[in-house]
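Throughout, protein chains are lettered first and strands after them, A, B, ... in sequence-line order, and every chain is numbered starting at 1.
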Amino acid sequence: MEVKDIKVKNFTTADFRDNEYLEKYVEELRKGGVNVAIGKLDDIINWGRSNSVWPLTFATSCCGIEFMSLGAARFDFARFGWEVTRNSPRQADVVFCFGTIVHKMAPVVKRLYEQMAEPKYVIAVGSCAISGGPFKKSYHTVMGLDEIIPVDVYVPGCPPSPNAIIYGMMQLSRKIKVQEFFSLPKEPKIIVNKANN
Amino acid sequence: MFHFEVVTKWIDTFLMSNLPEWLALTIEFVLIGILILSAYAVLALILILAERKICAYFQCRLGPNRVGAWGVLQPIADMFKILLKEIITLNRADNRLFRLASFLVIIASLLTFGALPFDKGLHAIDFNVGVFYLLAVSALGVVGIVLAGWASNSKYTMIGAMRSGAQLISYELSCALSLMTIVMLSGTMQLSQIVEQQANMWFIFKGGIPAFIAFVIYLIAGHAETNRGPFDLPEAESELTAGYHTEYSGITFGFFYLAEYLNMFIIAAIATTMFLGAWQPLHIPGLDGFNMVMDYIPPVLWFFAKTFFCVFIALWVRWSFPRLRIDQLLRLEWKILMPIALANIVLMALWILVF
Amino acid sequence: MNNKLEQIFSQIPSAEISNKENIYTIYVSKENLRRSAEILRNNDILDFDFLRDIIGMDYTDSFGVTYNLSPSDDLTIIVLLKSTTTDREKPAFDTVIDLWESAPFYEREVHDFFGIRFLGNEDMRRIFLRQDWRGYPLRKDYDNSPIINPVPKDNENLDDMENLPVLDLEDLGKPKKSVFDKDEYVVNFGPQHPATHGVLHLRISLDGETVKKVDPNFGYIHRGIEKMCEAYTYPQILHLADRLDYLSGSINRHAVCMAVEKGLELEVPQRAQYVRTIIDELTRIASHLLGWGAMALDMGAITAFVYGMRDREKIMDIFEQTCGGRLMANYAVIGGLMADIHPEFQKKVKEFIPYMRKMLKEHHILFTGNPIARGRMDGVGYLSREQAISIGATGPVGRSSGWSCDLRKHAPYAAYDKVNFTELLRTDGMTFDRYHIRLDEIEESLKIIEQLIDNIPEGDYCAKTKAVIKLPEGDYIQRVENARGDFSVYINSRGDKFPYRVKFRSPSMVLVNVLKHITPGTKISDLIMLGGSLDYVIPCIDR
């Protein structure tokens with residue numbers, strides 16, 4: 001199934017790399033077909049969601065400085081409407097993981113993620129957050145953020161330039177734009193292991 | 001000069017003549033409710049965009065420019081997002097109070113909003129103690145904020161709420177005292193009459209020096225009431241993460257967010273009403289030609305132009321000054337603003353006696 | 001050896017003393033360690049009042065500690081006070097926390113990494129690793145298996161964080177001592193907090209708005225760099241040094257390069273020396289701009305922060321063009337530079353100097369003269385000269401307290417002995433001094449660059465080195481002045497291509513110690529502002 005043209009201003013679909021992954025994603029989502037009315041409603045909701053991604057101010061190390069550059073005059077992510085950085089995880093939509101996650105930090109990151117309200121997204125920025133990066137040999141480093149929480153977009157680099165982070169954020173926008181709101185299962189299946197309680 | 005009074009009067013007489021009184025009144029109430037709510041929401045969106053754009057230009061940035069032309073649709077996208085965001089229920093919090101708090105804040109600012117005289121005949125309520133009403137309902141907001149801090153059962157929100165309680169109650173005094181100065185000058189508390197009296201000359205000019213002092217004090221104290229700018233201690237992003245609304249998510253947070261911007265507008269609007277003649281055009285006694293020209297500009301435009309000028313000043317202050325410390329904040333109020341405001345009342349009394 | 005030192009050293013009982021380029025190594029037995037430290041600290045001739053670092057060592061058959069000391073009046077002298085113990089089960093030394101205020105954190109660090117106890121220091125909590133961590137990672141026989149220490153699922157128990165551990169058997173029956181009393185109102189600042197400049201965790205006891213006690217908790221970005229260095233060759237270590245204090249990454253890298261060059265006795269070409277100095281100063285300006293902006297941000301002035309970042313981008317442009325990287329310049333290598341400078345480098349730097357001067361004026365107008373900013377900074381956060389020395393607060397913080405500690409003057413390296421610049425000193429030691437000295441130092445750095453940029457000599461940009469770099473056996477110490485103070489690299493080599501032990505002295509760690517000392521009695525807002533005025537970088541602390 002073709003990905004319909006996802007409109008991102010000043011950026012055509014062909015300009016994005018890695019479109020096959022999104023095609024697969026859409027295929028998975030649209031398995032049962034899409035209702036026209038609901039599909040349109042979804043489009044409106046996704047338009048709102050993808051254009052208003054409020055990041056959590058959270059940085060562990062070096063890449064955090066590039067995040068600051070991103071917010072400042074030269075790169076200005078306010079253009080995309082992302083400048084409303086929230087300090088409270090409850091109000092944020094996306095958590096950028098800038099930098100290495102170590103053993104002591106891992107439960108904290110997990111809790112941060114759990115504190116966020118749905119829908120929530122995660123972007124792993126920098127080699128450390130992707131795989132441990134230059135600190136892979138260390139005794140105290142977690143080998144990638146995805147060992148702890150699910151990750152939506154990976155931005156490689158050590159540290160990635162702000163341009164790369166903007167590209168990653170636009171990839172996230174695209175991902176949000178193909179998601180579905182109404183066809184989510186009404187009751188999430190939660191398996192409670194009573195023996196453990 | 002076109003006044004909205006014509007429209008509102010016409011609707012009123014039309015409904016009253018065709019329907020029984022109770023039905024006509026019900027329809028009017030509903031109409032007014034819908035109008036105020038939608039005006040409230042639209043204004044908030046405009047203010048949010050305005051702040052983001054103006055702040056961006058202060059900081060040599062561009063601000064939102066991808067969603068719609070010049071980013072005009074940005075706050076609408078935000079609205080869609082925030083409406084559909086999960087509302088988190090806290091585990092160890094007093095959830096009833098927790099929910100109530102966000103409503104209290106927005107209700108308080110809505111109630112104040114209804115009393116603003118946008119134009120002749122374009123206000124929902126016009127008490128003969130209008131000024132008292134404004135002060136009373138705008139002070140309700142602090143209950144919501146303190147409740148939010150308390151019910152969240154978190155240390156950050158608690159500190160934020162305590163700060164907010166101390167700050168809002170203190171600055172309420174200066175606010176009220178500076179408004180009283182104008183009440184002395186006008187001799188009435190009814191907002192419509194206060195506005196009428198400024199037809200020839202706005203109070204800030206008519207009242208001379210004491211009125212100007214009162215205006216400045218009101219701007220400072222009012223700015224502090226909105227929890228913004230150098231007075232944003234209850235939120236204090238860099239200290240208390242998000243202050244009293246740290247634990248709120250989704251639209252419950254959206255209420256605080258909206259109320260914050262609308263309060264900024266309301267404070268500016270009250271300043272406009274009391275000092276800058278609300279919807280009255282700029283009239284200079286003696287210059288009839290000039291006054292005629294000014295009359296051609298619709299009164300509603302006058303109101304919003306003056307209000308947005310005050311809002312702009314608030315934004316300017318907010319984006320240039322660092323935050324005060326709690327003891328400095330209270331010292332500013334109790335040792336500087338309030339004594340001046342009290343002395344100013346005496347000065348105004350003398351002014352009225354002499355002129 | 002000069003007379004004064006001879007007099008002092010003669011008092012130390014049964015010491016083995018050796019000297020190499022003003023670095024005096026004193027080896028004493030474990031029993032005499034405390035006595036020797038007292039002699040060095042409390043004598044009338046030359047007071048060694050600056051404890052730079054305590055370095056733990058594992059010599060496989062024994063454990064050792066090295067106290068890196070200097071007198072505050074004469075920073076050219078370094079004394080390494082060494083001692084060892086053969087007890088591998090329960091290694092212990094006497095504590096020195098009553099002699100130097102910087103010692104508590106250092107002793108906790110050595111305990112955390114090596115399991116060496118310090119008798120008399122009650123606070124032997126782990127400082128970087130979790131309290132329930134098994135093993136001591138910097139020991140040579142440490143088992144790195146993830147089965148022993150898996151990624152933890154739960155948050156650390158807060159009681160564990162504040163209760164002092166019971167290590168002696170005779171203490172078992174006694175009630176547990178804790179940092180905080182039971183009825184204190186303790187608030188957690190961090191690890192995720194907008195104003196802790198990274199993932200620092202401060203536990204603060206409050207009385208209303210007033211701060212009573214601060215207990216810093218590190219390790220949320222502890223990446224084990226020192227252990228990793230032991231498994232990497234020297235050129236590989238450079239990349240880790242960059243990522244310690246990322247805001248002065250180039251300067252740290254420079255330090256490691258110089259330490260290795262010293263060991264190899266390598267002559268670095270003048271061209272490289274000049275360019276390294278210019279890059280260092282540009283890094284310092286970038287760091288100070290960010291520090292200035294971050295402090296303003298902590299005080300609630302967001303616009304000032306954006307202005308600081310805007311000017312910083314100009315430097316990033318220069319770096320991107322010449323070095324290839326923005327934040328991590330990766331420019332200095334052992335023997336010189338990675339590549340020659342870009343043809344436009346000189347032009348761009350010369351354009352930047354007048355631009356920065358103009359912008360500095362704007363920054364002063366925007367923030368320095370602001371009545372609210374001045375009101376906030378006045379009368380808060382006094383740090384006396386004695387305390388600054390005792391805690392070991394170097395860099396702008398030490399200099400704003402009146403301690404002349406600029407290593408560019410006291411121990412010149414690269415091209416610093418060829419330029420004229422003044423070491424800026426302020427005497428008051430208040431928050432405003434710490435704020436203002438950074439802006440002044442930017443001006444001073446511009447002067448240094450101005451003098452060097454037109455005189456970069458022609459020639460090679462890198463000396464020839466062997467493919468495999470092996471350092472001769474011995475200790476190598478190199479100090480540099482990074483944007484936060486005295487950054488020292490200690491390399492212990494056994495003639496291998498890997499170092500036996502690498503220790504980085506973090507200037508930021510002592511700054512958190514300063515925060516602990518100057519905040520009690522101030523308000524919460526002040527605590528955040530003081531943190532900004534000290535301008536620490538957390539990954540440098542945690543290493």
Side-chain angles (χ1 to χ4, degrees), chain A residues 7-11 41-54 56-58 68-94 112 114-121 166 169-170 173 176-177 179-182 184 188, chain B residues 48-49 51-91 152 154 156-157 160 235-254 256-257:
Chain A
K7 265 193 190 167
V8 173
K9 208 169 179 179
N10 303 352
F11 222 103
L41 271 175
D42 267 344
D43 282 351
I44 295 173
I45 290 164
N46 289 338
W47 170 80
R49 282 184 172 171
S50 65
N51 280 315
S52 151
V53 189
W54 293 355
L56 176 74
T57 42
F58 169 66
M68 291 181 187
S69 312
L70 201 58
R74 172 77 62 88
F75 297 99
D76 188 25
F77 62 174
R79 289 176 294 155
F80 308 92
W82 296 324
E83 90 274 36
V84 195
T85 52
R86 302 308 312 173
N87 293 316
S88 164
R90 307 254 186 230
Q91 297 148 11
D93 303 306
V94 60
L112 267 183
E114 281 163 358
Q115 277 175 339
M116 286 167 69
E118 293 281 355
K120 52 191 170 187
Y121 311 98
I166 290 180
M169 291 172 99
M170 287 169 94
S173 298
I176 297 171
K177 276 194 178 151
Q179 282 183 336
E180 293 174 346
F181 175 72
F182 284 103
L184 280 178
Chain B
I48 290 172
L49 182 71
E51 162 155 58
R52 287 167 76 168
K53 272 297 201 189
I54 290 171
C55 135
Y57 286 127
F58 276 138
Q59 300 177 349
C60 322
R61 296 189 284 118
L62 287 172
N65 69 356
R66 293 298 160 111
V67 194
W70 302 295
V72 284
L73 298 180
Q74 185 63 53
I76 297 174
D78 287 342
M79 187 189 72
F80 271 116
K81 195 274 313 270
I82 214 162
L83 277 171
L84 289 165
K85 205 144 167 70
E86 181 193 4
I87 297 172
I88 290 175
T89 334
L90 295 183
N91 204 359
S152 301
S154 148
Y156 282 131
T157 60
E235 285 167 51
E237 293 229 320
S238 57
E239 293 160 28
L240 305 174
T241 60
Y244 58 86
H245 59 63
T246 304
E247 299 291 341
Y248 283 85
S249 70
I251 192 63
T252 49
F253 160 67
F256 285 109
Y257 195 63

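Taking the side chain as every heavy atom from C-beta outward, A:R90 and B:T246 never approach each other to under 4.5 Å. No side-chain heavy atom of B:Y156 sits less than 4.5 Å from a side-chain heavy atom of A:N87. Between B:D78 and A:W54 the shortest side-chain heavy-atom distance falls below 4.5 Å. Between A:W47 and B:L73 there is a side-chain heavy-atom pair separated by less than 4.5 Å. A 4.5 Å side-chain heavy-atom check between B:K85 and A:P119 finds at least one atom pair inside the cut-off.
For A:F80 against B:R66, the heavy-atom pair with the smallest separation is CE2-NH1, 3.5 Å.
A distance-only check finds no donor-acceptor pair linking the side chain of B:E86 to the backbone of A:A117 [under 3.5 Å]. Panel note: side chain A:Q91, backbone B:H245; a donor-acceptor pair is recorded below 3.5 Å. A distance-only check finds a donor-acceptor pair linking the side chain of A:D76 to the backbone of B:G63 [under 3.5 Å].
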Applying side-chain contact (heavy atoms from CB on, under 4.5 Å) to B:I88 and A:M116, what does each step give before you reach the verdict? CA-CA 9 Å; B:I88 290 175; A:M116 286 167 69; over 6 Å; no

Where do A:D93 and B:K81 land on the side-chain contact (heavy atoms from CB on, under 4.5 Å) test, with the steps shown first? CA-CA 9 Å; A:D93 303 306; B:K81 195 274 313 270; 2.5 Å; yes

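If you measure heavy-atom distances from A:R86 to chain B, the contacts under 4.5 Å come from the side chain alone. Heavy-atom distances place no part of A:N46 under 4.5 Å from chain B, backbone and side chain included.
With rounding to the nearest 0.5 Å, the separation of CH2 in A:W82 from CD in B:Q74 is 10.0 Å.
In terms of heavy-atom pairs under 4.5 angstrom with chain B, the leader among A:E118, A:K120, A:R74, A:R79 is A:R79.
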